[in-house]
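Note: hydrogens, waters and symmetry copies are ignored here, and every other heavy atom, side chains too, is used. Chain identifiers are assigned alphabetically (A, B, ...) following the order of the sequence lines, protein sequences preceding nucleic acid strands; residue numbering begins at 1 within each chain.
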2 protein chains.
Amino acid sequence: MKSLNSVIDHTILKPIATQEEIEKICREALEYEFRGVCVNPIWVSLVYNLLKGTEIKIVSVCDFPLGSSWTEIRKKEAEMAIDNGANEVDIVMNLGKFKSGRNDEALSDLKEIVETVHPNGALKVIIEAPLLSDDEIKRASSLVEEAGADIIKTGTGTRGAVNLHQIDVIKKACNLPIKASGGIKDKETALSLIKSGASIIGSSSGVKIVS
Amino acid sequence: MKSLNSVIDHTILKPIATQEEIEKICREALEYEFRGVCVNPIWVSLVYNLLKGTEIKIVSVCDFPLGSSWTEIRKKEAEMAIDNGANEVDIVMNLGKFKSGRNDEALSDLKEIVETVHPNGALKVIIEAPLLSDDEIKRASSLVEEAGADIIKTGTGTRGAVNLHQIDVIKKACNLPIKASGGIKDKETALSLIKSGASIIGSSSGVKIVS
């Protein structure tokens, strides 16, 4: 098993995060050798300047946390993230269309974003599992895999916490690596999620988790 | 004083809102003669088709609720909102830059978005008052007015509720109409905010407020 630090995406997404706070989490990512640093779009180039040449992945959220904008905007934002130095983009699938039974539109949206991000970056697709039934989690997971995404992510953290059951349902429905995210604040929770099948832990409490 | 219904932006922004739910709030907006209907970008054209030719304003949020994307993306999304039939765009000011002391960048971002939205639409700028000190609310309010925005909006509803004190501080700092938003769930709260100086009420509880 990989060491805990090496699977953590060290995350800061609050809108009032300052440049100083972004610089701090980059220093922490270097010190604790985290997997990645996950920030809002405006900070991607700063993080790139601080972390380029290291092993740490630069992760930008896009159309976050609602996932409810037009495909054209989502693609353009993902493209800018990669152009600014991001290695990975974390984006929410279009849940409004998915819940309205318009799965083909939710799928084609994701396919276009995958095409935009590849081959220069990887795409994580967030399904916001806390808002979905088990059956919906299964169908969303299949859809994300069919779209060609690289990683499936459980939630944004704004609509409830991840739990072991969600990981279990996702794991049975698709073969993608799973990023667990949402309410992970201590080592025990992180370890239990990894034991259940999560490959990556997204958290704003990375330092606390490994300390 | 205007009747209460006529100042309410009837709002549904949850990511899992279905087409059926969007259609329902449009019917309610017609029935109760609300001021506007506020939705996520993907639903703007549907709302336009249901409400065009009526007095009800079509409002799209953009880069919501974080306000932390690039100006280019924010402008493009606001432009698409207007092109799809929105009369107004509600967008969060770039709080990361504002809190980092980069007010000139936060200001120029908003000026560019104002230019994009005018003259075919109006721009509301959200300052997310629950996250700001009184001094910051004052400075943010001045900045929003200087940018040429049409309306100042207190918050997104994702970071705490609006209160009378926030309205008071904003009112003293700028001359823009104020949209109060965040945690407004009943008539008493709505009326007290209007009495304090709010011109528009944003709420997902519009029907309950007027019933």
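- Between A:D9 and A:K179 there is a salt bridge, since a side-chain N of the basic residue sits under 4.0 Å from a carboxylate O of the acidic one.
- Partners of B:Y32 by ring-ring contact (aromatic ring centres under 6.0 Å, His included), not counting sequence neighbours, listed by chain and number: B:F34.
- Contacts of B:Q19 with chain A are made by both backbone and side-chain atoms, with heavy-atom separations under 4.5 Å.
- Of the candidates B:L50, B:I12, B:T54, B:I56, B:C26 forms a side chain to side chain contact (heavy atoms under 4.5 Å, CB included) with just one, namely B:L50.
- Heavy-atom neighbours of chain A within the stretch residues 71-107 of chain B, taken at a separation under 4.5 angstrom, comprise B:E72, B:I73, B:K76, B:E77, B:M80, B:A81, B:N84, B:N94, B:L95, B:G96, B:K97, B:K99, B:S100, B:R102.
- Salt bridge present: A:D135 and A:R139 bring a charged side-chain N and a carboxylate O closer than 4.0 Å.
- The stretch residues 160-173 of chain B places none of its residues near chain A, where near means some heavy atom under 4.5 Å from a heavy atom of that chain.
- For the pair A:S142 (side chain) and A:A140 (backbone), a donor-acceptor distance under 3.5 Å is absent.
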For residues 204-211 of chain A, please give each side-chain donor-acceptor pair under 3.5 Å, one per line with the distance, not counting sequence neighbours.
from, atom 1, to, atom 2, distance (Å)
A:K208, NZ, A:K185, O, 2.9
A:S211, OG, A:V207, O, 2.6

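- Looking only at distances, a side-chain donor or acceptor of B:S203 sits under 3.5 Å from a matching main-chain atom of B:I184.
- No side-chain heavy atom of A:V59 sits under 4.5 Å from any side-chain heavy atom of A:V37.
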| query | side chain to side chain contact (heavy atoms under 4.5 Å, CB included) between A:R159 and B:K14: does it pass, once the steps are laid out? | reply | CA-CA 10 Å; A:R159 303 275 164 175; B:K14 60 181 181 180; 4.0 Å; yes
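- Options A:P41, A:P65, A:S69 differ in how many heavy-atom pairs under 4.5 Å they form with chain B, and the most are formed by A:P41.
- Exactly one of B:E20, B:E28, B:E21 qualifies for a salt bridge (Lys or Arg N to Asp or Glu O under 4.0 Å) with B:K24. That residue is B:E28.
- For the set B:I42, B:V39, B:L13, B:N40, the count of heavy-atom pairs under 4.5 angstrom toward chain A peaks at B:I42.
- Summarising the local packing, CD of A:E23 is surrounded by more than 12 heavy atoms from other residues, nucleotides or ligands at distances under 6.0 Å.
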